[in-house]
Each structure stands twice: as structure tokens, then as C-alpha cells.
Protein chains: 2
Amino acid sequence: MHPDDFDLTDFLPYLLNQAAEECSLAFQKHYKDRYGMLRTEWRVLFHLGRFGTLTAQEISARSKMHKTKISRAITKLEHRRWLKRDTDAKDRRRELLQLTPLGQKVYHDLVQVAHDHQLELLGQFKMTDAKALQDMLKRLARLQ
Amino acid sequence: MHPDDFDLTDFLPYLLNQAAEECSLAFQKHYKDRYGMLRTEWRVLFHLGRFGTLTAQEISARSKMHKTKISRAITKLEHRRWLKRDTDAKDRRRELLQLTPLGQKVYHDLVQVAHDHQLELLGQFKMTDAKALQDMLKRLARLQ
DNA sequence: GCTTGTTAGTTACAAATGCAACAGTTAGCG
DNA sequence: CGCTAACTGTTGCATTTGTAACTAACAAGC
């Protein structure tokens, strides 16, 4: 292949990064400005809000984020009293994490924002196209 | 909206990040292991390889990367003698950047890898779906 | 020509990240 | 039981990043 035939702006990893960056930005404003959170932190919050009690390891497996990032996010969320941890009695290495009522409040608030943001992003496409996009992204992310 | 109805794994910013991460990883191995480059560096390399002579500012506008990242990437690429810079005679603030023959060699090598990687990623979809995916991503990234 | 404001690019510092080493716990197996 | 290997989560350190301040060069208006 002749290199002039290669269009950088069609290159999927590049395109995905650009789109991800663009789409994350507007939403980032909400959790950053309103709650001073980092991306890692809202992701942990969202996992716990959506799936209930999880260990750090399980969050890592689901989100594919590195365990050190998760460990630090958990510490921060704990200091804000948005989650609490209990050592698993059956396996004292594991820590069972779950949101406090306060953490759930924040979660509910941000879910609402996320939902609205999602509608806006996907609103520019036909319903079937939007669904197809999500499916393809899931396959690319090896989530299904 | 009830928060239980919100599925994190359908949330576009999250999904895009996951897919971007997954798709970038395999390609990253090539420029990282073979050339010890960072993501920012191959992006600058790719822009110069694809579009010829550019200034840092133009690369920033095209890629939406922050100018400090670009400045540092340029310094690294320059030290490896993959690009050279010349002050624009008409505006001595601007620096005209272009790849050296050596830099072009690296670019051509990586373009080939990128192209193969792209085929593999999109091969799992029907041609028309792949095209639709790229179009939607471009719109989300506000590239068109 | 001078002042003021803007732009291109760099640098300093603080914050976030990745990697490797670590402690503590459990599991497997002789 | 006693030993080694594997696993969960944390920490230290080097690297990367983001923000803001900075220098140098140009542009516009007077």
C-alpha cells in the first residue's frame, strides 16, 4: 500500500480516541465542576451504583482499568464517605465495596446527567444507526 | 428516569473509551516496542507524514491535542532526527516542521502496520457497516 | 513609532498515571 | 502440618500529563 493512500482521519484507533475525547468532555464538566471527581472516580462510582456490591478486582475486570487506579479512586471516594468497605469474612483479602446513601445520591444525580447527555449525543442519528453504533463499539471493546 | 434503567455499558463516552483503549493497545505495541514512541509522538509523526510541512499550531488544531504535548513530542522526534524544524521567514514565531528521510522511513513502516491493523479491526463488520461506523465517529468527533 | 493585545511555542510545577515491588491472605500439595 | 505458589490490594518511584506563567514575535490603533 502506498502511504499516501492512508488517511489518518479514517484510522479507527485515532478516530475512536477523537470521538471518545470529544464526547467525554461535556460530561466531564459535570462530575469535575460539581463534585471535583476524576474520570476514574466516576467510573468506580458508576460501577458500584449500577451493580451494587463489588470488590476492586471485580471493578477492574469489568472496566479493564488498572488496579492501582482503582485503588486510589476507592480511597478518595471513601474519604468523601461515598462508599464504605467491609472485609469479606470468607476471604480476608477481598474488600466488599458499596455506596453509602450519600454516594448513591451523587450517583443518581450523575446518572440523570449521563442519560441526558447520551440522548443528546445519539439524537443526531437514526435510532437504528445509534443501536448499530453501540453494538459495533461493544464488539470492538470486546464487551460482547 | 430511574437509575436502574441506566446501563453503564451502553453509555457512549464510556463505550467509546473502552473501544478506543482496546483498539489502540494492539497498535501501540508496534510503535512502542519497535520505536519506543508514545501515542503523542506517533500522532505528530503521522500528521507530518500524511500532510507534509505543518506547524505545531496546525497539528494542534487538526488533532485537538494540547500544544504542550505537541511541543514535547516534537522535541523528542527532533532528537531522534525524525523531523527538522525551520523558522518561517515570514513569521518568525512559526516553526515549519517536516519529516527527515529517516522519519519518513519510520512513518512508512508504521503506516503499513496501521493499515493492516485497520483491516483486521474492520474485517469483522460488513463493508457498509464499517463505513457507517467511521462516519458516525467522525460526526461524534466533530470532524465532519 | 509606541502602546496594547494577540499568537506561537516553551517551561515550571503540580497532579495523575504505570510499573514494579511489597504485605497480607488463601490455596494446593507433598 | 509446612512449604510454595497465587491472589488482593497498597505503596514508592519514575514517567506523563495538564495548567498557568512565561518569552519572543507580530498586528492594530493611535
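Chain letters run A, B, ... following the sequence lines, proteins first, then strands; residues in each count from 1. If you're wondering where the values come from, they're calculated on a predicted model, not measured in any experiment.
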Next on the checklist: What is the separation between atom CD on B/Glu95 and atom P on C/dA8, rounded to the nearest whole Å?
Outcome noted: 12 Å
Next on the checklist: Closest approach to the side chain of A/Gln57, judged atom by atom: which nucleotide of C/dG9, D/dG9, C/dA16 is it?
Outcome noted: D/dG9
Next on the checklist: Any donor-acceptor pair, under 3.5 Å, between the side chain of A/Arg94 and the base of D/dT8, if you only look at N and O atoms?
Outcome noted: no
Checklist entry - A/Ile74 CD1 to C/dA16 C1': how many Å, rounded? => result 17 Å
Next on the checklist: Both A/Thr40 and B/His66 contact DNA chain C. Taking the nearest nucleotide for each, which residue is further toward the 5' end?
Outcome noted: B/His66
Checklist entry - Would one find a side-chain N or O of A/Arg85 under 4.0 angstrom from OP1 or OP2 of D/dT10? => result yes
Item to check | N or O in side chain of A/Thr68 less than 4.0 angstrom from C/dT17 OP1/OP2 | outcome: no
Next on the checklist: Using OP1 and OP2 only, check whether a side-chain N or O of B/Ser71 sits under 4.0 Å from C/dT10.
Outcome noted: yes
Item to check | Distance in angstrom units between A/Glu21 CD and D/dT17 P, rounded | outcome: 12 Å
Checklist outcome for this item: Sorted by position of nearest nucleotide on DNA chain D, 5' first, the leading residue of A/Ala56 and B/Asp91 is A/Ala56
Item to check | Whole angstrom value for the distance that separates C1' of C/dC19 from NZ of A/Lys69 | outcome: 13 Å
Checklist entry - Is the count of non-hydrogen atoms from other residues, nucleotides or ligands lying under 6.0 Å from B/Arg34 atom CZ greater than 12? => result yes
Next on the checklist: Whether A/Arg93 contacts D/dC7 is assessed here as follows: a side-chain N or O lying under 4.0 Å from the phosphate OP1 or OP2. Is that the case?
Outcome noted: no
Checklist entry - Can a side chain N or O of B/Arg92 be found less than 4.0 Å away from OP1 or OP2 on D/dC26? => result yes
Checklist entry - What integer distance in Å separates A/Lys64:NZ from C/dT17:P? => result 19 Å
Next on the checklist: If the cut-off is 4.0 Å, is A/Lys32 near the phosphate of C/dA15, judged by side-chain N/O to OP1 or OP2?
Outcome noted: no
Item to check | Note: A/Lys90-A/Asp88 ion pair, threshold 4.0 Å (strictly below) | outcome: no
Next on the checklist: In terms of relative ring orientation, are A/Phe51 and A/His47 parallel, tilted or perpendicular, with 30° and 60° separating the classes?
Outcome noted: tilted
Checklist entry - Under 4.0 Å: is that the gap between some side-chain N or O of A/Arg72 and OP1 or OP2 of D/dT10? => result no
Checklist entry - Got a salt bridge between A/Glu21 and B/Lys64, using NZ or NE/NH1/NH2 to carboxylate O under 4.0 Å? => result no
Item to check | Residues, nucleotides or ligands: over 12 heavy atoms within 6.0 Å of B/Gln124 CD | outcome: yes
Checklist outcome for this item: Taken to the nearest whole Å, CG/B/Leu97 to C1'/C/dG9 is 10 Å
Checklist entry - Contact class for A/Leu38 vs. all strands (heavy atom < 4.0 Å): base, sugar-phosphate, or nothing? => result sugar-phosphate
